[in-house]
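Below is one structure; the comments refer to it alone.
Just so it is clear: chains get the letters A, B, ... in the order the sequence lines come, proteins before strands, and each one is counted from 1. Values below: all heavy atoms of this structure, side chains included; hydrogens, waters and symmetry mates excluded. What you see is a predicted model, and the numbers here were worked out from it, not measured in a lab.
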Protein chains: 2
Amino acid sequence: MPTSKTETDAVRLARHNPADLDATDRKILGALAKDATRSYSELSTIVNLSAPAVHDRVKRLKRDGVIKGTVARLDGCKLGRTLLTFLVIDTSSYNATRALLRFADRPEVEEIHTVAGDGCVLVKVRANDTESLENFLMEIQSLEGVRSVRSYIALSTFLERGPLPE
Amino acid sequence: MPTSKTETDAVRLARHNPADLDATDRKILGALAKDATRSYSELSTIVNLSAPAVHDRVKRLKRDGVIKGTVARLDGCKLGRTLLTFLVIDTSSYNATRALLRFADRPEVEEIHTVAGDGCVLVKVRANDTESLENFLMEIQSLEGVRSVRSYIALSTFLERGPLPE
DNA sequence: ACTGAAAATTTTACCAT
DNA sequence: ATGGTAAAATTTTCAGT
């Protein structure tokens with residue numbers, strides 16, 4: 001039995017498709033992406049709506065997953081993490097890729113992506129110092145199926161933020 | 001006149017040095033980095049303190065810059081940004097590097113770092129589609145002093161978060 | 001989506017250790 | 001200096017329209 005149009009649309013909507021957002025939604029999202037401590041009354045003046053109306057929209061945006069959460073942005077240096085590095089890891093097997101994903105629970109690991117190119121993984125690491133980065137690199141290089149690791153050590157960070165609307 | 005020890009310490013503290021955080025601070029920071037919507041009374045039960053005591057600590061952590069802000073994390077795909085790419089750009093002059101920093105106000109650009117290696121810049125871009133990525137790449141490649149651009153296109157993202165304490 | 005009111009939370013002031 | 005208690009000021013949230 002063929003899947004009906006509405007069913008496929010529902011699946012698509014839940015998975016990948018952009019939520020349909022009007023200009024007001026985008027304004028709210030932009031404001032909250034920069035500073036989520038703003039009160040609904042503040043937001044209401046920004047978008048020319050009442051506070052409860054803004055509240056309803058934010059609730060919907062959270063329910064739909066457009067807003068994935070609200071988090072505190074911490075200063076890596078102030079936490080003692082002074083060494084930001086991007087690793088591009090070339091793996092020869094999917095096993096090795098899977099092994100790399102297990103590093104997700106390390107507090108110094110901030111991002112893990114698989115990238116195009118045969119079996120490449122990109123990892124963003126914020127280590128305390130050169131020594132702990134070296135230990136981390138050695139751990140990775142000793143994994144079965146890891147062909148090579150290229151390190152891009154950040155000298156200065158000029159911009160660092162999450163996704164923005166529009 | 002030589003700078004006194006306390007002065008240098010003050011400068012150091014303000015610039016790079018880790019703030020001195022006890023276990024309670026770290027617990028609070030870890031909790032807020034995951035979910036900053038938690039109320040002070042919730043946090044107070046986590047760390048076994050009163051709500052105002054937690055409030056005082058959070059206030060101090062904000063004043064000292066350990067907490068840089070509180071932001072909403074948005075879903076790139078839901079916003080229509082489906083194509084996450086890391087660019088490693090090799091530049092031949094500092095002028096070119098400066099030109100790249102001007103892309104900071106583009107909404108699709110999320111990170112810009114200078115990285116070790118002669119005049120390299122790393123850019124994290126979340127484009128709407130392949131077409132807008134291509135346009136972006138062409139803009140960058142046409143800049144005077146840009147030698148080469150390597151693109152790492154993300155296929156799947158397994159982890160994406162900010163700095164954590166501990 | 002707005003008005004107005006109730007509930008919860010943040011935030012201050014003050015006191016104790 | 002740090003944390004607790006209690007009260008004031010906001011903010012969130014839920015009615016009804």
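Every residue two or more places apart in sequence or in another chain that forms a salt bridge (Lys or Arg N to Asp or Glu O under 4.0 Å) with A:Arg126 is listed here: A:Glu110, A:Glu160.
For the atom pair CZ of A:Arg147 and CD1 of A:Ile89, the computed distance is 13.5 Å after rounding to the nearest 0.5 Å.
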Pair A:Asp129, A:Ser132 - check side chain to side chain donor-acceptor pair (under 3.5 Å), show working. CA-CA 6 Å; A:Asp129 44 46; A:Ser132 63; 3.2 Å; yes
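Using a 4.0 Å heavy-atom criterion, one finds that B:Arg60 contacts no nucleic acid atom at all. Among the protein residues, B:Ser39 comes within range of the sugar-phosphate backbone only, with heavy atoms under 4.0 Å from sugar or phosphate atoms but none that close to a base.
In the displayed structure, A:Glu166 atom CD is contacted under 6.0 Å by at most 12 heavy atoms of other residues, nucleotides or ligands.
A salt bridge links B:Arg106 with B:Glu139: the closest approach of a Lys/Arg side-chain nitrogen to an acidic carboxylate oxygen falls below 4.0 angstrom. Salt bridge A:Asp90/A:Arg150: absent, no basic N to carboxylate O contact under 4.0 Å. Between B:Arg57 and B:Asp25, at least one side-chain nitrogen of the basic residue sits less than 4.0 Å from a carboxylate oxygen of the acidic one, meeting the salt-bridge criterion.
Each end of the helix from C:dA1-D:dT17 to C:dT17-D:dA1 gets its own axis, taken as the rotation carrying the C1' atoms of four end pairs onto the next four within a five-pair window, and the two axes meet at 30° to the nearest 10 degrees.
Closest to the side chain of B:Pro52, out of C:dT3, C:dT11, C:dA1, is C:dT11.
Put simply, the side chain of B:Lys124 reaches to within 4.5 Å of the side chain of B:Leu84, judged on heavy atoms.
With a cutoff of under 4.0 Å to any heavy atom of chain A, the contacted region of DNA chain D is bounded 5' to 3' by D:dT11 to D:dC14.
The CG-P distance, from A:Leu49 to C:dT3, rounds to 10 Å in whole Å.
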